[in-house]
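For reference, the structure discussed in these notes is given below.
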2 protein chains.
Amino acid sequence: MKKISQTEENYLKAIFSVSESKGKAASTNEISKEIQISAASVTDMFKRLSEKGLIDYKKHKGVKLTEKGNQHATKLVRKHRLWEVFLVEKLNFDWGEVHDIAEELEHINSDELINRLDKYLDYPKFDPHGDPIPDADGIFEIRSQILLSELDLEKTGIVVGVQEHAPAFLEYLDRMKLGLGSSITILEKFDFDQSLRVKIEKKELTLTAKVAQNLFIQTKEK
Amino acid sequence: MKKISQTEENYLKAIFSVSESKGKAASTNEISKEIQISAASVTDMFKRLSEKGLIDYKKHKGVKLTEKGNQHATKLVRKHRLWEVFLVEKLNFDWGEVHDIAEELEHINSDELINRLDKYLDYPKFDPHGDPIPDADGIFEIRSQILLSELDLEKTGIVVGVQEHAPAFLEYLDRMKLGLGSSITILEKFDFDQSLRVKIEKKELTLTAKVAQNLFIQTKEK
DNA sequence: ATTAATTTTTAGGTTAGTCTAAAAATAAAA
DNA sequence: TTTTATTTTTAGACTAACCTAAAAATTAAT
């Protein structure tokens with residue numbers, strides 16, 4: 001078995017995230033946009049990854065991860081998210097600052113390392129953004145969650161994750177003192193722009209539709 | 001300022017360690033042996049590092065790190081050793097297992113990360129092998145130390161480091177329950193093979209000259 | 001069902017980092 | 001001080017990972 005390079009790993013991650021969110025094969029152009037590399041180069045890499053048995057590739061038909069490719073991509077996600085937990089929990093980074101560093105750390109190659117880190121962090125199930133962390137067997141814990149924008153009037157929910165990961169959004173949440181675990185109650189909904197009047201802990205404030213559509217929450221009733 | 005690649009970093013480290021131990025310019029062949037790459041490739045890289053102002057290179061004269069190159073190499077040493085402390089202290093790795101992983105981790109690029117890690121580890125001055133860790137300004141703490149082989153009869157010393165880092169040697173020390181902080185008293189010296197009869201904590205045992213020449217110790221009378 | 005637009009692939013080129021083999025320079029030995 | 005040995009450099013080639021421009025295939029639109 002040959003080694004998988006960092007570059008190849010980045011493609012695997014991109015294919016994983018694109019075909020996971022779209023639910024089907026990832027196209028050359030989608031990957032090209034995802035990782036900002038020319039479509040021609042992406043085609044090149046598709047051939048190489050296919051050679052290595054990491055993806056299924058037929059010309060003009062897009063690509064899908066093979067079992068092997070999927071396992072590897074899942075491990076990368078696991079590493080990335082565990083490192084994020086480490087950076088936030090142990091080194092006190094803000095949740096908006098950790099992505100780029102974890103992007104480098106995820107390529108460190110040692111199963112022993114990652115499993116010890118997992119133990120050291122006490123086997124976290126979710127990262128600082130609320131994204132699930134696959135366990136050593138690649139199993140993700142599934143959580144019932146809805147978007148804040150789908151929560152009914154006068155109901156209360158707990159923030160468990162974010163859909164959008166852009167630093168600007170995360171910094172906004174920090175400024176609003178909104179983080180994982182925050183309790184939000186819908187006081188009023190404004191139809192004309194879908195903005196919401198909400199109560200967070202003690203304070204009342206207004207959230208735009210954009211914000212409400214990017215916050216995952218969990219409600220009491222299962 | 002262009003980025004310094006991982007490959008280039010490996011050359012800088014090799015040049016640093018060769019010219020530090022030899023006390024002078026590092027030759028093409030020395031670096032070639034150190035990192036197991038052909039002399040021709042080393043010459044190539046010397047040209048590139050020279051272009052970037054990281055080394056001084058004159059044909060057939062060997063190379064020396066510039067101030068800039070030295071700073072970068074020192075930072076790599078700092079990162080490597082801090083990660084080793086992390087792996088041993090926090091993740092409970094044995095001291096023989098950490099080198100390869102730290103070799104990867106040292107290339108992670110973030111001053112913020114390394115300084116927070118330093119703080120998290122409580123600003124250690126020495127790594128698990130007793131090697132000094134430069135501070136954020138690149139300053140190494142100097143310690144008065146001698147080799148166990150130089151210690152006089154009936155004198156006692158404390159193990160503070162190792163000269164040889166080979167896994168086999170470190171595993172041997174583990175098996176002998178010899179580590180940093182162990183107290184050793186010389187009971188007898190055998191001239192014919194330079195072996196030593198010593199007392200370590202409560203037990204008496206014999207150490208070969210090879211072992212005695214690779215253990216750094218510190219004595220009371222500074 | 002053609003034509004037009006878009007997507008994907010091919011062709012050909014570049015750079016970093018490696019190699020081997022041969023040439024040139026330096027160092028060691030006779 | 002010549003000759004011999006060693007070290008270093010040059011020359012020429014290769015692979016991985018990128019690029020642009022053009023060709024081919026697919027998809028969408030008239």
Side-chain angles (χ1 to χ4, degrees), chain A residues 1-15 18-19 21-22 24-65 69 72-73 76 103-104 106-107 109, chain B residues 1-15 18-19 21-22 24-65 69 72-73 76 103-104 106-107 109:
Chain A
M1 307 223 169
K2 264 164 238 138
K3 253 188 228 116
I4 300 176
S5 73
Q6 286 201 197
T7 308
E8 289 167 333
E9 289 190 331
N10 289 334
Y11 278 89
L12 289 180
K13 278 223 314 174
I15 295 165
V18 165
S19 57
S21 67
K22 297 288 190 301
K24 49 186 355 180
S27 75
T28 305
N29 254 9
E30 284 168 333
I31 299 304
S32 169
K33 269 165 208 146
E34 178 84 5
I35 57 179
Q36 309 274 45
I37 282 172
S38 76
S41 301
V42 172
T43 299
D44 265 14
M45 184 56 90
F46 280 180
K47 288 178 192 162
R48 256 177 285 147
L49 293 175
S50 180
E51 283 294 311
K52 294 197 181 183
L54 295 164
I55 61 174
D56 284 325
Y57 168 57
K58 297 270 164 48
K59 280 186 199 175
H60 298 102
K61 299 291 176 192
V63 297
K64 269 184 55 190
L65 294 173
H72 199 89
L76 287 169
E103 204 74 7
E104 292 191 49
E106 75 192 2
H107 297 294
N109 241 322
Chain B
M1 307 222 169
K2 262 164 237 137
K3 249 186 231 118
I4 300 175
S5 74
Q6 285 200 199
T7 308
E8 290 167 332
E9 289 190 332
N10 288 335
Y11 278 89
L12 289 181
K13 279 224 311 176
I15 295 166
V18 165
S19 57
S21 68
K22 297 286 190 305
K24 47 185 358 180
S27 75
T28 305
N29 254 9
E30 284 169 332
I31 299 304
S32 169
K33 269 166 207 145
E34 177 85 3
I35 58 179
Q36 310 274 45
I37 282 173
S38 77
S41 302
V42 172
T43 299
D44 265 14
M45 184 56 89
F46 280 179
K47 288 177 193 163
R48 256 177 284 147
L49 293 175
S50 181
E51 283 295 312
K52 294 197 181 183
L54 294 163
I55 61 175
D56 284 326
Y57 169 58
K58 296 271 164 49
K59 281 186 197 175
H60 299 101
K61 299 292 174 191
V63 297
K64 268 185 55 189
L65 294 174
H72 199 88
L76 287 169
E103 204 74 7
E104 293 191 50
E106 76 193 2
H107 297 293
N109 240 321

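Here is how names work: the chains are called A, B, and so on, in the same order as the sequence lines, proteins then strands, and each is numbered from 1.
Taking CG of A/Asn10 as the start and CD1 of A/Ile35 as the end, the distance is 7.0 Å to the nearest 0.5 Å. Interatomic distance, CG of A/Leu49 versus OH of A/Tyr57, reported as 11.0 Å (0.5 Å rounding). Atom CD1 in A/Ile31 sits 11.0 Å away from atom OG1 in A/Thr43 (nearest 0.5 Å).
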List the protein contact pattern of nucleotides 19-25 of chain D with one symbol per nucleotide (5' to 3'): B for base contact, S for sugar-phosphate-only contact, - for none; contact means a heavy-atom distance under 4.0 Å. BBB---S

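Checking the phosphate oxygens (OP1, OP2) of C/dT10, a side-chain nitrogen or oxygen of A/Lys47 falls inside 4.0 Å. Taking only side-chain nitrogens and oxygens, A/Ser27 comes nearer than 4.0 Å to OP1 or OP2 of C/dT8. Distances shown here put every side-chain N or O of A/Tyr11 at or beyond 4.0 Å from the OP1 or OP2 atom of D/dA16. Applying the 4.0 Å criterion to OP1 and OP2 of C/dA16, one finds that B/Thr7 has every side-chain N and O outside that range. OP1 or OP2 of D/dA17 has at least one side-chain nitrogen or oxygen of A/Ser5 nearer than 4.0 Å.
Atoms CZ (B/Phe46) and P (D/dT8) sit 8 Å apart, rounded to a whole Å. Nucleotide C/dT8 holds its C1' atom 12 Å from the NZ atom of A/Lys33, rounded to whole Å. Distance, B/Ile31 CD1 to D/dT8 P: 10 Å, rounded to whole Å. Nucleotide C/dG17 holds its C1' atom 16 Å from the CD1 atom of B/Ile4, rounded to whole Å. For A/Gln6 and D/dA17, the CD to C1' distance is 13 Å, given to the nearest whole Å. Spacing between atom CD1 of A/Ile35 and atom C1' of D/dC18 amounts to 11 Å, rounded to whole angstrom units.
Within 6.0 Å of CD on A/Glu103 lie more than 12 heavy atoms contributed by other residues, nucleotides or ligands. Applying the 6.0 Å contact sphere to CD of B/Gln6 captures more than 12 heavy atoms from other residues, nucleotides or ligands.
For B/Lys24 (side chain) and B/Lys64 (main-chain N/O), no donor-acceptor pair under 3.5 Å exists by modelled atom type. Between the side chain of B/Ser32 and the main chain of B/Ile37, a donor-acceptor pair closer than 3.5 Å is present.
Nearest to the side chain of B/Lys59, among C/dT10, C/dG17, D/dT9, sits D/dT9. Considering only side-chain atoms of A/Thr28, the nucleotide from C/dG17, C/dT9, D/dT9 that sits closest is C/dT9. Closest contact between the side chain of B/Met45 and the listed nucleotides D/dA17, C/dT18, D/dT7 involves C/dT18. Here C/dT8 is the nucleotide among C/dT8, D/dT8, C/dG17 with the atom lying nearest to any side-chain atom of A/Asn29.
Here the closest non-hydrogen pair linking A/Ser19 and A/Ala26 is CB-N, 4.2 Å.
Side chains of A/Met45 and A/Leu12 form no contact here, defined as non-hydrogen atoms less than 4.5 Å apart.
For DNA chain C, the residues of residues 48-58 of chain A within the heavy-atom distance limit of 4.0 Å (strictly under) are A/Tyr57, sorted by number.
Under the side-chain hydrogen bond (donor to acceptor under 3.5 Å, both in side chains) test applied with B/Glu8, the options B/Lys13, B/Lys52, B/Lys3 reduce to a single match, B/Lys52.
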